[in-house]
Protein chains: 2
Amino acid sequence: MDLRQLRYFVGVARERNFTRAAEQLNIAQPPLSRQIQALEDELGVALLIRNSRPVRLTEAGRLFYEQALQVLGRVEQMRAATRRVGLNQNSVLSIGFVASTLYGGLPSLVRKLRHRTPDIEIQVLEMMSVQQIPALKEGRIDIGFGRLHHSDSGVVEIVLREERLTVAIPKDTPLAQDSAPLPIGALTGQKLIVYPKEPRPGYADQVLNLLHGHDVRPAEVQEVREIQTALGLVAAETGLCVIPSSARQMRSDVHYRLLEGERATSPVILYHRVGDTSPYIDLVKEVIREMYAENPPWLSAEHNLPTRPSFAE
Amino acid sequence: MDLRQLRYFVGVARERNFTRAAEQLNIAQPPLSRQIQALEDELGVALLIRNSRPVRLTEAGRLFYEQALQVLGRVEQMRAATRRVGLNQNSVLSIGFVASTLYGGLPSLVRKLRHRTPDIEIQVLEMMSVQQIPALKEGRIDIGFGRLHHSDSGVVEIVLREERLTVAIPKDTPLAQDSAPLPIGALTGQKLIVYPKEPRPGYADQVLNLLHGHDVRPAEVQEVREIQTALGLVAAETGLCVIPSSARQMRSDVHYRLLEGERATSPVILYHRVGDTSPYIDLVKEVIREMYAENPPWLSAEHNLPTRPSFAE
DNA sequence: CGACATAATACCCCTTGAGTATAATTGTAA
DNA sequence: TTACAATTATACTCAAGGGGTATTATGTCG
């Protein structure tokens with residue numbers, strides 16, 4: 001498959017007519033027909049219904065059309081962004097983040113950064129905490145927002161906040177009768193669902209370690225790939241799940257209770273390379289400091305321990 | 001630009017070595033060098049620093065590398081999804097939505113649909129309300145979630161809920177002293193920011209019409225492209241902005257007050273083609289009915305009029 | 001500085017995309 | 001139903017360009 005084939009197919013799908021599409025694409029009609037055939041051959045799927053005038057799209061073709069439009073748009077953006085960066089010699093700030101920070105301050109941070117530094121290109125990449133460390137060292141990202149402590153001497157970590165943990169409980173079960181914080185001990189003998197299954201060690205192990213440290217043994221532990229699935233299983237009464245408090249808003253058909261206990265928190269951590277002299281690292285810290293001073297909703301005392309980033313004193 | 005060039009570049013960027021990359025790509029080293037040169041020529045930007053061993057990426061190259069990875073991944077997904085749909089003869093449910101529904105029930109709806117119908121492919125496309133009507137008629141989408149009433153006889157509309165409107169007010173201004181609902185009349189003589197600038201008519205006109213209907217004349221109206229910008233300007237004390245209540249959570253550094261008044265609401269509307277016999281239309285309604293019965297947080301009485309979708313009685 | 005690793009260049013081949021002419025198919029109107 | 005207009009597929013040819021081999025140029029490290 002080839003971008004040319006995508007462009008050709010989009011032309012035909014839009015015009016619903018090979019001849020006119022060929023004119024717009026500045027080629028003759030036969031090569032256009034052949035390219036579309038080649039595309040269909042490669043996919044092993046018919047995209048167009050030709051024994052009909054005007055030509056119609058199959059279900060697969062309809063799907064392929066919308067996606068092709070998106071891919072072509074993406075390629076255009078990529079070309080433009082690369083030109084901008086290359087020609088103006090301005091630089092790129094690449095930020096890795098774990099999904100859960102999307103429910104906290106990340107979107108707002110990125111918006112503020114873009115606003116404050118129109119001269120640099122900001123790129124955000126979703127990746128798990130453990131993947132962020134090698135990504136930083138290889139230069140694939142410059143800043144990371146994750147949830148795991150690490151021990152790599154090449155990467156600095158700064159704990160931004162300690163978010164309290166919450167237990168998701170199926171409605172209409174005994175534990176869901178109360179809304180008060182739940183002692184960790186109450187999880188003994190319960191079925192537990194943890195995520196993510198990969199990569200390990202990850203947030204799942206943080207939770208399991210916390211329980212182990214309190215001598216709590218769940219009856220059964222089921223691992224799933226992502227939080228959505230985990231909460232789905234909770235709703236289906238398959239078990240309980242421990243989540244960062246900010247993830248409460250993801251589902252409303254389960255019951256939530258804060259987890260009560262010494263270290264029943266999950267940190268949000270900023271990573272960057274040691275000795276990274278880029279002024280943007282400081283800018284990021286500066287903006288974070290401002291944001292924390294505004295006391296945003298995701299920093300509510302109810303769902304966070306009263307700590308502040310070390311640089312925000 | 002060509003997918004092959006992207007694959008080649010990704011190979012080189014990953015290996016940081018032309019020779020090894022060429023081996024992995026199953027071609028000889030010289031053609032690889034040439035393709036990368038062609039790519040750089042077309043972009044007019046150097047992606048690699050060659051007078052260094054191992055080869056390093058330029059800033060532009062670093063950006064291009066991450067984006068190329070994403071594009072290639074996207075293409076792979078597209079190929080797989082198209083094959084699935086084409087070979088299994090199963091169909092595609094294509095859903096258009098306005099951005100604001102992302103803060104309501106849309107993510108949950110899509111998740112539930114995917115779960116309930118693993119046999120169909122669900123595609124979601126962000127598009128403005130007015131674009132959804134032609135998209136429905138052309139078959140580009142099957143279901144739309146928008147905020148505007150329309151008068152096209154080929155498209156059915158079902159009002160799902162009437163969301164109350166909220167005024168975003170700069171902090172530390174007189175109107176921000178109180179948190180009680182604000183009468184529409186209070187907007188007289190205020191500077192107003194509306195969005196989106198395009199396409200018209202749109203949500204901006206809904207707001208302006210509402211004010212006009214109450215004989216309220218703002219001092220000045222500034223149009224911006226999207227809500228993020230609008231709220232940014234509010235925070236910068238440029239004026240006030242009327243938003244659907246669910247959008248409150250987007251920014252915490254402005255003050256919010258509900259708008260009080262007869263028709264101070266914005267509907268969330270489900271569109272579909274008249275006479276669409278697909279069973280999935282009914283399934284969507286069924287799932288929506290269930291979701292509304294669960295009383296999710298975005299349906300709180302505070303931010304919605306006490307209406308229910310006509311099919312959910 | 002010299003040996004080695006590695007990228008660029010020169011040159012050739014042949015795959016493959018594009019053009020022209022024409023056949024086949026579909027839709028429509030008499 | 002048939003004939004015609006519109007439109008897509010096929011056959012054949014040409015040539016651009018992607019890829020291979022041999023060789024040169026450049027950078028790295030002992």
Side-chain angles (χ1 to χ4, degrees), chain A residues 1-58 60-62 64-65 68 72 75 79 86 138-139, chain B residues 1-58 60-62 64-65 68 72 75 79 86 138-139:
Chain A
M1 192 170 1
D2 185 344
L3 287 183
R4 185 185 358 193
Q5 292 176 324
L6 295 192
R7 294 197 189 94
Y8 287 5
F9 178 73
V10 165
V12 174
R14 184 156 36 211
E15 292 296 320
R16 286 159 161 69
N17 177 315
F18 280 72
T19 314
R20 274 203 306 282
E23 282 168 19
Q24 294 193 2
L25 295 166
N26 292 312
I27 59 169
Q29 168 262 316
L32 177 57
S33 289
R34 264 181 291 123
Q35 289 294 337
I36 302 294
Q37 285 169 20
L39 181 60
E40 290 179 317
D41 279 358
E42 187 199 326
L43 291 170
V45 164
L47 301 174
L48 294 168
I49 301 169
R50 295 138 147 102
N51 60 357
S52 143
R53 302 287 155 72
V55 168
R56 294 200 327 262
L57 293 174
T58 61
R62 201 160 67 105
F64 194 82
Y65 173 51
L72 291 176
V75 168
R79 189 203 306 264
E138 288 166 22
Chain B
M1 193 172 353
D2 187 344
L3 287 183
R4 180 181 335 133
Q5 291 176 325
L6 295 192
R7 293 198 190 92
Y8 287 5
F9 178 74
V10 165
V12 175
R14 185 158 34 211
E15 291 297 319
R16 286 159 161 69
N17 176 313
F18 279 73
T19 314
R20 274 202 307 282
E23 281 168 20
Q24 294 193 1
L25 294 166
N26 291 312
I27 58 171
Q29 169 262 317
L32 177 57
S33 289
R34 271 196 317 253
Q35 289 294 337
I36 303 294
Q37 286 168 18
L39 180 61
E40 289 178 318
D41 279 356
E42 188 199 325
L43 291 170
V45 164
L47 300 175
L48 294 169
I49 301 168
R50 293 138 209 266
N51 58 357
S52 142
R53 301 283 159 72
V55 168
R56 294 202 326 265
L57 292 174
T58 62
R62 201 161 68 106
F64 194 82
Y65 173 51
L72 291 175
V75 168
R79 190 201 306 265
E138 288 167 21

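Below, chain A is the first sequence line, B the second, and so on; all start at residue 1. Only a predicted model underlies this, so the values are computations on that prediction, with no experimental measurement involved.
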Q: Rounded to the nearest angstrom, tell me the gap between atom CG in A/Asn17 and atom P in C/dT25.
A: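 Interatomic distance, CG of A/Asn17 to P of C/dT25: 19 Å.
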
Q: Atom CZ of residue position A/Arg79 - does it have more than 12 heavy atoms of other residues, nucleotides or ligands inside 6.0 Å?
A: yes

Q: Could you tell me whether the side chain of A/Ile27 reaches within less than 4.5 Å of the side chain of A/Tyr8, counting heavy atoms only?
A: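 Yes, close enough: below the 4.5 Å cut-off.
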
Q: OP1 or OP2 of C/dA7 versus the side-chain N and O atoms of B/Ser33: is any pair under 4.0 Å?
A: no

Q: To the nearest angstrom, how far is A/Ile27 atom CD1 from D/dT8 atom P?
A: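 Taking atom P of D/dT8 as the reference, CD1 of A/Ile27 is at 13 Å.
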
Q: Mind checking whether A/Glu40 and A/Leu48 have side chains closer than 4.5 Å, heavy atoms only?
A: yes

Q: Could you state the CD1-P distance from A/Ile36 to D/dT10, rounded to the nearest angstrom?
A: 14 Å

Q: Can you tell me if B/Gln29 uses its side chain to pair, donor with acceptor, with the backbone of B/Thr19 under 3.5 Å?
A: no

Q: Return the polar atom pairs (N/O with N/O) between nucleotides 27-30 of chain D and the protein under 3.5 Å, or none.
A:
from: D/dT28; atom 1: OP1; to: B/Arg53; atom 2: N; distance (Å): 3.2

Q: Once you round it to whole Å, what is the distance between P of C/dT6 and CZ of B/Arg56?
A: 17 Å

Q: With a 4.5 Å cut-off on side-chain heavy atoms, are B/Tyr65 and B/Leu47 touching?
A: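 Side-chain contact under 4.5 Å: no.
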
Q: Answer with yes or no whether A/Gln29 presents, from its side chain, a donor or acceptor under 3.5 Å of a partner atom in the base of D/dA9.
A: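 Indeed, a donor on one side and an acceptor on the other fall under 3.5 Å apart.
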
Q: Any side-chain N or O of A/Thr19 less than 4.0 Å from the OP1 or OP2 oxygen of D/dA6?
A: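 For A/Thr19, the contact criterion (side-chain N or O under 4.0 Å from OP1 or OP2 of D/dA6) is not met.
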
Q: Check the interface with nucleotides 11-18 of chain D: list each N/O to N/O pair with the protein under 3.5 Å, or write none.
A:
from: D/dG18; atom 1: O5'; to: B/Gln35; atom 2: NE2; distance (Å): 3.1

Q: Is the backbone N or O of B/Ala13 less than 3.5 Å from a side-chain atom of B/Arg16, with the two atoms forming a donor-acceptor pair by type?
A: yes

Q: Would you indicate whether the side-chain heavy atoms of A/Leu39 and A/Gln35 approach each other to under 4.5 Å?
A: no

Q: In whole angstrom, give the distance that lies between atom CG of A/Asp41 and atom C1' of C/dT16.
A: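 These atoms are roughly 15 Å apart.
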
Q: Quick one: A/Arg16 CZ to D/dT8 P, roughly how many Å, whole number?
A: 13 Å

Q: Decide yes or no on side-chain contact (heavy atoms from CB on, under 4.5 Å) for A/Arg50 and A/Ile36, but give the supporting numbers first.
A: CA-CA 12 Å; A/Arg50 295 138 147 102; A/Ile36 302 294; 3.7 Å; yes

Q: So, does B/Arg20 use its side chain to make a donor-acceptor pair with the main chain of B/Glu15 at under 3.5 Å?
A: yes

Q: Between C/dA7 atom P and B/Phe9 atom CZ, what is the distance in whole Å?
A: 14 Å

Q: How long is the line joining CD of A/Glu42 and C1' of C/dT16, in whole Å?
A: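 Going from A/Glu42 (CD) to C/dT16 (C1'), I get 15 Å.
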
